[in-house]
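I have placed the structure first, in the form of structure tokens, so that the comments after it can refer back to it.
Just so you know, these numbers come straight off a predicted model, no measurement behind them.
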Amino acid sequence: MLTFPHVHSRLTGRRTTRRVTAALLTATLLSGALALAPGAAGAPSAATDAVADPGTAATTPVRVNQAGYLPDGPKRATVVTTAAEPLAWQLRGASGAVAASGRTVVRGADAASGEATHLADFSAYRKSGSGFVLVVDGWSSAPFDIRADLYDTLRYDAMAFFYHQRSGTPIEASLVGPAYARPAGHVGMAPNQGDTDVPCQAGVCDYSQDVRGGWYDAGDHGKYVVNGGISVWLLVDSFARAERAGTASALGDSTLRVPERGNGVPDVLDEARWELDFLMRMQVPAGKPYAGMAFHKIHDAAWTGIPTRPELDGQARELHRPSTAATLNLAATAAQCARVFRPYDPAYAKRCLGVARTAWTAAKAEPALYAPDTDSTGGGPYNDTRVTDDFYWAASELYAATGERAYRDAVTSSPWHTSADALTPGGFNWADTAALGRLTLATAPNGLPASDIRRVRASVTAAADGHLATMAGQGYAVPIPATGYVWGSNSQVTNNAIVVATAYALTGRQRYRAGVLESMDYLLGRNTLDLSYVTGYGDAYARNQHHRFWAHQYDASLPNPPTGSLAGGPNSGLQDPVAQEHLAGCAPAACYIDDIGSYSTNEVTVNWNAPLAWLAAFAAERRPRS
């Protein structure tokens, strides 16, 4: 995992008028018993130890969604304070006039942040405006808006991430702006050896394969089937969900800045196809050993340094041994392609289904061919020795696409079909994919008995209720437990929020929509660091994410990540040298530093931006829909 813009940027100021010194940040209490310092008491924080203007310094104890709130949505803030009694709050407009007022609710200790918290709820205020601040005991929050179109640009900025990450094609200035334009990477031009004729690692195969295209996975130049699989599934599922809700036009043709706009196919499906074509090129040809399976990954023979633009990558490229997990990812995503693309490109849908059937048969013939955990030179191993969940996911997609009995039997005979572990508090991810099958069966038309569909759907709403209960017990309303701050924790937040959004689609109950929007609040600044994890959104936001060519922190001629890029987020594992140096002793939710060298807390990846794009499209819809 180691690793344009919409020019629009929400409230991009750096708080120069409100930033306080590191000495103040580490003070235990300020006036009115409001506390600033994130993390464990006495421990160094991400804020105080970060370098190169990292933007991780909490500057106010009043924590809000810095982008803003929807007029008809929840509007809650977290106040960091040891006060034992409620405090008065005021919502003030841009002129300073009081728009609403009330008193906080004492919430007490928040395990993930190590902070004492209060809740300020101003949801009853439903008027629109810009430049609001929430004032508690003399302290002001970051400014924010209240408006119905709040998420419109994020919907497109988060989706634009994938065009930026495309391999094998020029990234055009007319679409992304001159700062982000670049020549095609990995197309065989010097010094680049390209992806059109890639040999295998020694001993894997005796031929080469055209595996051009697709998305660079993360901050490096690798392309991984299992990570690409969950990412493309989420993009296609985002469109399928919007179709069911009657809002698909927002993701339709000519809505995104992609070269394919105007071709009669929804742009989000055009973007997904760029990755789907690559995934299908990773299938082992007929007549070769492991025919029909998918190569696990393709990347450089050795790690490249930062910065390295993709067209300047001189490393040799290698295909890595096929795996059962990669093959099932190919089967699942190609089957989903067959179902969703059918109305727009039936010939392509037919091709996808043929690939999916072949991959399923190949995986059944090799059910335990695992990627080795030692294969980590030049790219992450993405090893996974439990693939029964991948079989369930692939079977669910093939059944939804075909209605055939063989796939239904594979679904109903899988232990995952009735397991409570398919939807867990920690969330689904590239290695845990049973939830994807469960969500497809809950939402896509299929021939399961009505009683079975009711049970599947009930499992989704039960999981969503669990996430809401987790949020209700926290100071910052995050849909992961205090133990869930792992590598890519922000993707676990977004993936769990997708489960909550699916429960809303199934029931129309407003508590689920509110839960999704509060999850967005966390990502956009209502957190212990008082920081938006989405580049370009908020008063202070992550801008030095780990990346090979969005590397402004290392080379001023290169850009920061484009607007709409999601940082991985707090990771209590501290698995890189920068995090280990600066974050020792951090509380789990404060284990983040906005430094390009902190790949374990601050990388960007396709499988983190995909659920952000899914949620932004959901949040941007004007009226609640079921």
Side-chain angles (χ1 to χ4, degrees), residues 6-20 24-25 30 32 34 36 38 47 53-81 87-102 104 118-154 157 476-477 517-518 520-543 563-564 594 616 619:
H6 274 241
V7 178
H8 167 88
S9 177
R10 286 290 310 123
L11 297 173
T12 57
R14 291 298 301 162
R15 298 195 198 181
T16 54
T17 61
R18 300 192 300 113
R19 186 169 294 282
V20 295
L24 281 175
L25 289 172
L30 298 177
L34 295 182
L36 274 175
D53 189 26
T56 47
T59 64
T60 171
V62 185
R63 314 283 166 75
V64 297
N65 180 331
Q66 295 176 18
Y69 299 87
L70 296 174
D72 66 344
K75 303 172 194 68
R76 299 186 180 101
T78 297
V79 184
V80 181
T81 174
L87 300 172
W89 61 258
Q90 291 182 334
L91 177 67
R92 296 181 182 174
S95 68
V98 176
S101 62
T104 63
H118 286 206
L119 173 70
D121 190 340
F122 52 105
S123 301
Y125 187 82
R126 298 170 67 90
K127 296 180 181 179
S128 298
S130 61
F132 289 98
V133 294
L134 189 71
V135 181
V136 182
D137 206 22
W139 284 91
S140 296
S141 72
F144 57 87
D145 294 351
I146 300 176
R147 51 191 175 87
D149 64 350
L150 185 76
Y151 289 104
D152 285 16
T153 55
L154 181 56
D157 287 338
Y476 288 100
L517 296 175
E518 281 208 83
M520 297 295 284
D521 293 346
Y522 166 78
L523 297 174
L524 292 167
R526 184 187 165 194
N527 53 59
T528 186
L529 297 175
D530 192 27
L531 176 80
S532 168
Y533 292 113
V534 182
T535 298
Y537 284 80
D539 194 43
Y541 54 80
R543 59 177 61 206
T563 298
D594 187 18

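For the side chain to side chain contact (heavy atoms under 4.5 Å, CB included) with N65, the qualifying choice from L517, L524, L523 is L524, the only one to do so.
Considering only heavy atoms from C-beta on, H118 comes within 4.5 Å of T81 through its side chain. Looking at heavy atoms from C-beta onward, D530 lies in side-chain contact with T60 at the 4.5 angstrom threshold. W89 has its side chain out of reach of V79: every pair of non-hydrogen atoms, C-beta onward, lies at least 4.5 Å apart. Under the 4.5 Å side-chain criterion, counting only non-hydrogen atoms from C-beta, L154 is in contact with V534.
Remark: V135 engages R92, V133, S140 in a side-chain contact (heavy atoms from CB on, under 4.5 Å) (not counting sequence neighbours). With sequence neighbours excluded, the residues satisfying salt bridge (charged side-chain N to carboxylate O under 4.0 Å, His left out) with R76 are D121, E518. In this structure A94 satisfies the side-chain contact (heavy atoms from CB on, under 4.5 Å) test with no other residue, sequence neighbours excluded.
One N or O on the side chain of S532 and one on the backbone of Y537 form a donor-acceptor pair closer than 3.5 Å. Remark: side-chain polar atoms of T104 are paired, donor with acceptor, to backbone N or O of L87 under 3.5 angstrom. Under the 3.5 Å distance criterion, the side-chain polar atoms of K127 are left unmatched by any main-chain donor or acceptor of Y125. When atom types are taken as modelled, the side chain of Q66 and the backbone of P143 share no donor-acceptor pair closer than 3.5 angstrom. Checked by atom type and distance alone, the side chain of D157 never pairs as donor or acceptor with a backbone atom of T563 at under 3.5 Å.
R63 and Y476 share a side-chain donor-acceptor pair at under 3.5 Å.
Atom CZ of R543 and atom CG of D594 lie 8.0 Å apart (nearest 0.5 Å). How far CG of L531 is from CG of D539: 10.5 Å, rounded to the nearest 0.5 Å. Note that OG of S141 and CG of L91 are 8.5 Å apart. Values are rounded to the nearest 0.5 Å.
In this pair, F122 and Y69 present their aromatic rings perpendicular. The plane angle is above 60°, beyond the 30 to 60° band.
The two residues G68 and Y151 make their nearest non-hydrogen contact at O-OH, 4.4 Å. Closest approach of F132 to A99, counting heavy atoms only: CE2-CB, 4.4 Å. Closest approach of P71 to A148, counting heavy atoms only: CD-N, 3.5 Å.
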Handout entry: Step-by-step side chain to side chain donor-acceptor pair (under 3.5 Å) determination, S128 to R147
Key = CA-CA 5 Å; S128 298; R147 51 191 175 87; over 6 Å; no
Handout entry: Stepwise side-chain contact (heavy atoms from CB on, under 4.5 Å) check, L134 with Q90
Key = CA-CA 6 Å; L134 189 71; Q90 291 182 334; over 6 Å; no
